[in-house]
Amino acid sequence: MGSVDASEKTITGWAARDTTGHLSPYTYTLRRTGAEDVVLKVLYCGICHTDLHQTKNHLGASKYPMVPGHEVVGEVVEVGPEVSKYSVGDVVGVGVIVGCCRDCRPCKANVEQYCNKKIWSYNDVYTDGKPTQGGFASAMVVDQKFVVKIPAGLAPEQAAPLLCAGVTVYSPLKHFGLMTPGLRGGILGLGGVGHMGVKVAKSMGHHVTVISSSNKKRAEAMDDLGADAYLVSSDEAQMAAAMDSLDYIIDTVPVKHPLEPYLALLKMDGKLVLMGVIAEPLSFVSPMVMLGRKTITGSFIGSIEETEEVLRFCVEKGLTSQIEVVKMDYLNHALERLERNDVRYRFVVDVAGSNIKDADA
């Protein structure tokens with residue numbers, strides 16, 4: 001174990017200062033290393049659609065300056081005296097949350113992502129009163145409870161998207177008993193989360209249908225990702241032919257959209273699982289769920305235990321995320337492309353390989 005440095009560390013991250021969401025180098029201090037803290041040098045950090053929402057204040061709760069990034073993979077460089085799970089040199093991951101109350105029902109059930117007092121990796125306030133800052137930075141300090149070890153056989157840049165996108169699809173499939181081979185599932189939206197949904201569901205032995213608004217992504221869904229079927233939601237004939245055919249739909253769309261066309265695709269007792277962060281009300285007529293005992297539900301990322309599980313699952317199944325690795329000086333361009341849905345399927349920033357302080361913002 002590394003010795004504890006009692007001083008605060010000054011580091012550089014890339015922060016948004018206002019609702020333009022433009023990121024540029026920002027210097028700040030990390031908290032002193034606590035007894036159960038892990039200090040990591042950030043190696044890679046994935047870019048999630050939530051980073052857009054937060055940096056541009058789409059949800060109305062953004063605080064600036066804000067260093068985003070919650071798909072963080074790093075190397076342990078220091079540990080507190082009571083850290084038992086990690087040692088200097090370990091490659092580890094940090095996801096969406098870095099704190100919880102540890103006393104509520106979700107915390108005691110090891111689903112701490114549903115704790116009402118959870119602390120987000122960034123755009124939040126830590127227990128010491130300081131703002132939390134994310135992974136588009138040279139280093140982070142994180143309580144060992146919210147750190148996971150990256151297993152051997154998984155490249156660090158490949159692991160980054162699994163800490164959010166990967167566990168986000170794995171968790172509801174596990175919780176709702178949808179891991180049985182032979183199920184027929186739909187993946188609505190083929191972005192960062194959706195492409196992992198296809199891969200994870202296929203690895204569980206499911207028949208997977210990708211649902212999209214046009215034919216544009218048919219080849220990549222079928223040929224690149226291995227989906228079994230492709231359904232164009234704007235084609236009434238296709239949608240009618242697919243009624244009552246799916247056991248579940250993983251809905252990853254992050255903007256307002258109608259639910260009724262997709263509810264019609266579900267079998268009796270089918271589940272529509274919402275995952276997109278949408279700041280507007282969604283609507284449906286009640287007979288759409290009543291007349292098939294269908295369920296509209298939601299799921300939010302996954303627990304630390306589930307994150308460890310999905311990492312092992314991906315190693316065992318040989319799954320990788322499809323990524324585009326970029327440097328920090330491309331970060332703003334990557335966010336602009338993400339907003340246009342111009343990425344296949346996840347940007348990952350090579351933080352350690354970038355000149356963070358001098359990069360052109």
Side-chain angles (χ1 to χ4, degrees), residues 165-254 257-276 282 284-285 287-300 302 306 309-310 313-314 316-319 321-322 345:
V167 73
T168 292
V169 295
Y170 179 88
S171 178
L173 293 175
K174 177 186 176 184
H175 175 75
F176 293 115
L178 299 172
M179 296 178 73
T180 307
L183 292 178
R184 300 179 73 89
I187 305 296
L188 177 55
L190 197 59
V193 175
H195 99 282
M196 284 308 305
V198 176
K199 292 189 167 205
V200 170
K202 283 292 295 179
S203 293
M204 291 178 179
H206 296 181
H207 180 284
V208 178
T209 298
V210 169
I211 309 166
S212 192
S213 58
S214 73
N215 261 314
K216 186 171 65 174
K217 296 183 179 180
R218 180 183 293 273
E220 58 197 73
M222 303 286 286
D223 301 335
D224 298 344
L225 299 177
D228 300 288
Y230 188 90
L231 183 58
V232 179
S233 59
S234 58
D235 187 319
E236 292 183 6
Q238 284 189 33
M239 293 291 281
M243 286 178 61
D244 299 316
S245 65
L246 301 176
D247 295 295
Y248 66 87
I249 295 173
I250 300 295
D251 182 348
T252 73
V253 177
H257 58 286
L259 299 184
E260 290 171 9
Y262 309 109
L263 289 168
L265 301 176
L266 294 172
K267 299 177 183 178
M268 186 182 76
D269 292 329
K271 292 177 175 60
L272 176 63
V273 185
L274 301 177
M275 294 185 172
L282 303 179
F284 61 94
V285 295
M288 292 297 298
V289 293
M290 292 167 59
L291 297 179
R293 203 165 59 193
K294 300 174 184 180
T295 302
I296 299 173
T297 187
S299 183
F300 174 64
E306 288 169 332
E309 286 178 22
V310 77
F313 178 87
C314 288
E316 291 166 4
K317 299 293 185 179
L319 294 187
S321 43
Q322 293 188 212
Y345 289 92

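Residue numbers run from 1 in the order of the sequence given.
Considering only heavy atoms from C-beta on, Leu246 stays 4.5 Å or farther from Tyr262 through its side chain. With a 4.5 Å cut-off on side-chain heavy atoms, Asp251 and His257 count as touching. Within the 4.5 Å cutoff, the side chain of Ile296 has no heavy atoms near those of the Leu282 side chain. Looking at Tyr345 and Ser321, their side chains never come closer than 4.5 Å, going by heavy atoms from C-beta outward.
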Using the rule given for side chain to side chain contact (heavy atoms under 4.5 Å, CB included), can you reason through Val208 versus Leu225, listing the C-alpha separation, both sets of side-chain angles and the distance that settles it, and then say yes or no?
CA-CA 10 Å; Val208 178; Leu225 299 177; over 6 Å; no
Before giving the answer on side chain to side chain contact (heavy atoms under 4.5 Å, CB included), spell out for Met196 and Val198 the whole-Å C-alpha distance, their side-chain angles and the decisive distance to 0.1 Å.
CA-CA 5 Å; Met196 284 308 305; Val198 176; over 6 Å; no
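Among pairs with a residue in residues 195-209, those fulfilling salt bridge (charged side-chain N to carboxylate O under 4.0 Å, His left out) read Lys202-Asp228, at least two apart in sequence or across chains. Within the structure, every pair that satisfies the salt bridge (charged side-chain N to carboxylate O under 4.0 Å, His left out) test and touches residues 213-226, not counting sequence neighbours, is listed here: Glu220-Arg344.
Annotation for Gln238 and Val232: closest pair OE1-N, 2.9 Å, computed over non-hydrogen atoms. Considering all non-hydrogen atoms of both residues, Ser299 and Val273 come closest at CB-CG1, 4.0 Å. For the residue pair Val310 and Gly166, the shortest heavy atom distance occurs at CG2-O, 3.9 Å. Of all non-hydrogen atoms in Tyr230 and Ala221, the two that sit nearest each other are CD1-CB, 3.7 Å. The minimum heavy-atom distance between Ser213 and Ser234, with the atom names listed, is O-OG, 2.9 Å.
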For residues 174-194, dump all side-chain donor-acceptor pairs below 3.5 Å to protein atoms at least two apart in sequence or in another chain.
| from | atom 1 | to | atom 2 | distance (Å) |
| --- | --- | --- | --- | --- |
| Lys174 | NZ | Glu309 | OE1 | 3.1 |
| Lys174 | NZ | Glu309 | OE2 | 2.8 |

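Side-chain atoms of Glu306 do not come within 3.5 Å of backbone N or O of Val167 as any donor-acceptor pair.
Here the rule is side chain to side chain contact (heavy atoms under 4.5 Å, CB included) with Leu272, and of Thr297, Val289, Leu266 only Leu266 fits it.
Side-chain contact, Asp247 with His206: no donor N or O sits under 3.5 Å from an acceptor N or O.
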